[in-house]
Every structure is written in C-alpha cells, then in structure tokens.
Amino acid sequence: MVFKSLLIAALAVPAAVFGSAIPATIPPSEADTSSVQIVGGTTAAAGDAPFIVTLLLNGSLRCGGSLLNANTVITAAHCVGTYSASQFSIRYGSLRYASGGTVVKVSKVTVNPSYDDGTTDYDVAIFKLSTTVPTSSTVGYASLAASGSDPASGSTLTVAGWGATSAGGSVSSTLLKVSVPVVARATCNTNYQSLYGESGLITDRMFCAGVTAGGKDSCQGDSGGPIFDSSKTLVGVVSWGYSCAEPNAPGVYTRLGNAAINTFITSNLA
C-alpha cells in the first residue's frame with residue numbers, strides 16, 4: 001500500500017505486503033516546473049478548486065487539503081504522522097505550492113479517533129487555523145457531501161494537487177487536475193485483493209476512482225487533497241493506492257459521505 005503523501009524515494013515495499021509507506025517531504029527546489037500532469041491531467045486555473053490549500057510541514061510540501069470554512073481545513077489523517085500542530089501551516093489562494101497566496105499557521109490538529117494506520121481506514125483529519133481565511137474571487141469554502149451519499153459508479157470526479165507526476169517522480173510546482181471515473185467498491189476490492197492477496201481492503205469509508213487502463217490518477221504529494229464533483233461538492237480526500245496510475249489499481253479516497261466520517265467532520269467545524 002502506498003500513501004499519497006510524499007514518500008522517501010528509497011523506500012521499497014513488496015507488492016504482496018500490506019503495510020504503511022513512510023511519508024516525507026520534498027523541498028521546492030526539486031519540484032517539477034514543466035509537466036502538465038497530476039498523472040495524466042492538465043494545469044488547473046484559478047477557481048477550478050477555490051477551496052484547495054497546500055499543507056506545509058516545517059515549510060515544505062506535505063499534502064493537500066480543503067477549506068471547509070474560515071478556520072477549518074480537511075485533509076488525510078496519515079498526513080499528520082507524529083508531528084504537532086505547530087509544525088504545520090497552510091498556503092491558500094495560490095496555484096503554486098511554494099509561493100504566492102497567504103500562509104497561515106495551524107493551531108490545532110484533530111485526527112479521526114477511529115483512524116487505523118495499518119488499514120488506512122477512517123483516513124481523515126481536521127486542522128484548525130490560527131487566522132481566519134476570507135473568501136475572494138479565487139478562494140472559497142468547499143461544500144461537503146451529504147451524510148449517506150456515495151459517489152455513483154461511473155460518475156466522473158475531479159482530483160487536484162501538487163503531487164508527483166509519476167510514481168516516485170518529482171512533484172509539480174503548479175496545481176494540476178485530472179478527471180477520473182468512480183469504480184464500483186466491489187470491483188475495486190477485487191482489484192486490490194489480486195494486488196495484495198487480502199480481501200475487504202476497500203471499506204465503506206472509502207471509494208475508488210481511476211481508469212481501468214491506468215494513466216490517470218492522484219499520486220504522492222496529493223494526499224489529503226480534494227476529489228469533487230461537477231458542482232464542486234467535496235466527496236472525498238486523497239488517501240492511498242497501489243503506486244500511481246497503474247492498470248486495474250484505481251486511487252482510493254476517504255468517502256466523506258459515510259455517516260461516521262461525516263459526523264466527525266461536522267462535529268469539528270465550529
């Protein structure tokens with residue numbers, strides 16, 4: 001299993017072993033400034049994902065996230081690791097993760113108490129900001145998926161981020177986006193059972209999206225970032241997957257419409 005936060009390139013995890021990858025950061029100097037792929041995607045324009053933020057760990061790109069209101073960001077629990085709130089900040093209002101916009105410190109981190117680092121279940125966390133974020137022509141708050149909702153198989157969603165443009169590759173300095181179809185949970189479970197030799201890896205708190213032939217996907221560095229529908233409703237956050245953009249290995253996302261996940265989020269909005 002590969003988390004889609006940034007990875008130490010030298011890490012090797014056999015495909016048959018179901019275990020946690022080790023997240024790390026990549027300095028801005030190593031960012032890819034020329035590629036137009038998240039993997040298989042295009043460059044995003046201002047307003048395409050007005051709620052997206054860069055999650056910075058000690059000033060370096062860690063993950064993505066989404067603004068839910070003026071002082072609340074949602075991201076993936078595995079992005080937190082063992083770090084404290086004081087080590088995190090977010091950048092909003094910029095298409096570049098290392099410059100522009102405004103940087104705000106994080107004052108509090110709340111990881112879903114049911115999060116399981118071994119299975120990546122309940123992979124969601126809430127960050128509270130020390131300074132409020134106002135809306136503008138290019139900055140907005142995400143509409144959260146309704147409790148009980150589940151992305152329909154075959155429907156098209158958009159995922160955005162600054163992550164790697166290939167498995168183990170360089171991150172992108174500019175925001176990228178890609179459209180991917182939702183894959184039925186049963187199909188995704190079958191796919192991942194063939195990859196890892198374990199059944200039931202895709203729980204009700206997750207959903208999958210990707211192209212059967214591969215070539216379009218989120219990747220390392222995109223973790224915690226948004227996946228949303230055509231109305232810009234936030235339906236998931238980038239969680240994990242098998243490498244990036246491999247055939248029959250769609251990306252796995254935390255399902256924000258799951259009742260337990262949704263209750264956790266809404267109870268931490270104030």
Side-chain angles (χ1 to χ4, degrees), residues 1-11 19-31 51-94 96-133 141-142 161-164 171 205 218 220-226 234 236-240 254 256 260-261 263-270:
M1 179 181 71
V2 175
F3 286 154
K4 293 191 174 181
S5 52
L6 292 174
L7 302 179
I8 294 173
L11 177 71
S20 300
I22 300 174
T25 57
I26 296 176
S29 61
E30 295 181 19
F51 38 76
I52 196 168
V53 301
T54 309
L55 182 61
L56 303 171
L57 174 63
N58 298 322
S60 293
L61 175 64
R62 172 68 168 185
C63 286
S66 299
L67 285 164
L68 294 180
N69 61 29
N71 70 338
T72 308
V73 166
I74 186 171
T75 188
H78 78 258
C79 292
V80 178
T82 59
Y83 301 101
S84 64
S86 63
Q87 293 175 275
F88 289 102
S89 58
I90 65 108
R91 184 188 304 276
Y92 71 89
S94 178
R96 303 179 73 85
Y97 79 81
S99 62
T102 304
V103 175
V104 173
K105 293 182 179 180
V106 173
S107 59
K108 181 181 178 182
V109 173
T110 304
V111 172
N112 190 296
S114 297
Y115 171 61
D116 187 325
D117 188 54
T119 64
T120 325
D121 208 358
Y122 295 90
D123 190 15
V124 63
I126 296 293
F127 282 38
K128 287 297 183 179
L129 306 178
S130 60
T131 305
T132 58
V133 175
Y141 312 139
W162 291 269
V171 297
R205 276 74 58 190
S218 50
Q220 285 81 53
D222 292 321
S223 274
L234 186 66
V237 298
V238 180
S239 184
W240 63 279
T254 304
L256 302 186
I261 295 287
T263 297
F264 165 76
I265 297 167
T266 55
S267 66
N268 283 282
L269 287 180

Next on the checklist: With side-chain contact (heavy atoms from CB on, under 4.5 Å) as the criterion, how do V80 and F127 come out once you've worked through the C-alpha distance, each side chain's angles and the decisive distance to 0.1 Å?
Outcome noted: CA-CA 10 Å; V80 178; F127 282 38; 3.7 Å; yes

Compute whether any side-chain donor of one residue and acceptor of the other, for [X] and [Y], lie under 3.5 angstrom apart.
X	Y	result
K105	T131	no
N71	T132	no
S223	H78	yes
N69	T72	yes

Next on the checklist: If you apply the rule side-chain contact (heavy atoms from CB on, under 4.5 Å), what do you find for Y122 with D116, and how did you get there?
Outcome noted: CA-CA 7 Å; Y122 295 90; D116 187 325; over 6 Å; no

When rounded to the nearest 0.5 angstrom, what distance separates [atom1] in [X] from [atom2] in [Y]?
X	Y	atom1	atom2	value
I261	D121	CD1	CG	7.5 Å
D117	Y115	CG	OH	4.0 Å
F3	S239	CZ	OG	7.0 Å
L269	F264	CG	CZ	10.0 Å
S267	I126	OG	CD1	8.0 Å
L256	R205	CG	CZ	13.5 Å

Is a side-chain N or O of [X] found less than 3.5 angstrom from the main chain of [Y], in a donor-acceptor match?
X	Y	result
R62	L57	no
D123	A77	yes
K128	N268	yes

Hey, does [Y] have a side-chain heavy atom less than 4.5 Å from the side chain of [X]?
X	Y	value
L129	S107	no
I90	T54	no
Y141	L68	no
L55	V73	no
V103	Y92	no

Checklist entry - Do F88 and L56 pass the side-chain contact (heavy atoms from CB on, under 4.5 Å) test, and can you show the C-alpha distance, the side-chain angles, and the key distance before you say yes or no? => result CA-CA 6 Å; F88 289 102; L56 303 171; over 6 Å; no

Next on the checklist: Give me the atom names and distance for the closest heavy-atom approach of R96 to R91.
Outcome noted: O-CD, 3.5 Å

Next on the checklist: Looking at every heavy atom in both P226 and G65, which two are closest together, and how far apart are they?
Outcome noted: CD-O, 4.2 Å

Item to check | Those residues that, when tested against S86, pass side-chain contact (heavy atoms from CB on, under 4.5 Å) (two or more places apart) | outcome: S84

Next on the checklist: Before you tell me yes or no, could you show the steps for T75 and V237 under side-chain contact (heavy atoms from CB on, under 4.5 Å), namely the whole-Å CA-CA distance, both residues' side-chain angles and the distance that decides it to 0.1 Å?
Outcome noted: CA-CA 7 Å; T75 188; V237 298; over 6 Å; no

